[in-house]
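In each ligand, atom 1 is the first atom listed, and ligand 1 is the first ligand listed. Residue numbers run from 1 in the order of the sequence given.
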Amino acid sequence: MSFSVAVIVGSLRKESLNLRLAKALVKLGTGKFNANILRIDDLPLFNEELEPNFPASATRLKSEIENADAVLIVTPEYNRSVPAPLKNAIDWASRPYGKNSFAKKPTAISGTSQGAISTAAAQQHLKPVLNYLDVRLMGQPEAYIRFSEGMIDQDGNVTNPDSQKFLQKYVDSFVTFVQEQPQRANAKAA
Ligand code: FNR
């Protein structure tokens, strides 16, 4: 059985290291899941006053998440916390009240930076937000990836053998985690 994954990258940069990591995770999941890296750079800053005329970009984001079997978040850390573009996307997808698109979605988080703690603080801040939104959060393995040049190329090829092994294990664990979930309404035959 193959399944679909909505990937949300917390950086808007074209040269994002987290985008590279996301592409790598998607490649390592080839044959196991189909992934769609979601656009979040066209979302307006969240403002409750915009909700009555819900922006088309936010409606699109919500349906992409709802139609996926699982969510994979790959995020940088900004000032020891969650980057604003990612929190903004989460806030839009959680609205309107009672129509939270993340509810019960199997979800895993990961992230990379060149810093010593490699997004650990951001991921720890993100977890209670996702728990509040009632996702099914993968607890293990964690993936705090300290990025170094030569680890992952622009196309998402993992060029360091130790990193390749670690990331493959992470992806395989994610696949098992998603497949073990009782509710997979969008499950498709491979
Ligand atoms: C950073 N960076 C950073 N890194 C880190 O490990 N911990 C942190 O708290 C921060 N804080 C921070 C704040 C802001 C506003 C910026 C712009 C950057 C550095 C960050 O990890 C680095 O720029 C990454 O390359 C960002 O991820 P992408 O865009 O490459 O995916």
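Of the protein's non-hydrogen atoms, the one nearest atom 1 (C) of ligand 1 is Glu77 O, 3.7 Å. Here the protein heavy atom with the shortest distance to atom 31 (O) of ligand 1 is Ser16 OG, 2.5 Å. Among protein heavy atoms, atom 9 (O) of ligand 1 sits closest to Arg80 N, 2.7 Å. The shortest contact between atom 14 (C) of ligand 1 and any protein heavy atom is with Tyr78 CD2, 3.7 Å. Considering only non-hydrogen protein atoms, atom 26 (C) of ligand 1 sits nearest to Pro76 CB, 3.8 Å.
Judged by distance alone, the side chains of Gln124 and Tyr144 do bring a donor and an acceptor atom under 3.5 Å apart.
With ligand atoms numbered from 1 in the order given, ligand 1 contributes 27 (O), 28 (P), 31 (O) to contacts under 4.0 Å with heavy atoms of Asn18. Close approach of ligand 1 to Ser11 (heavy-atom distance below 4.0 Å) involves ligand atoms 28 (P), 29 (O), 31 (O).
The closest heavy-atom contact to atom 5 (C) of ligand 1, among the options Ser113, Ala121, Ala122, comes from Ser113. Compare Ile117, Leu17, Asn79 by their heavy atoms: the one nearest to atom 15 (C) of ligand 1 is in Asn79.
Using a 4.5 Å heavy-atom cutoff, the side chains of Val74 and Leu25 are in contact. In this structure, Phe174 and Val5 have side chains that are in contact, with non-hydrogen atoms separated by less than 4.5 Å.
Protein heavy atoms are found less than 4.0 angstrom from atom 28 (P) of ligand 1.
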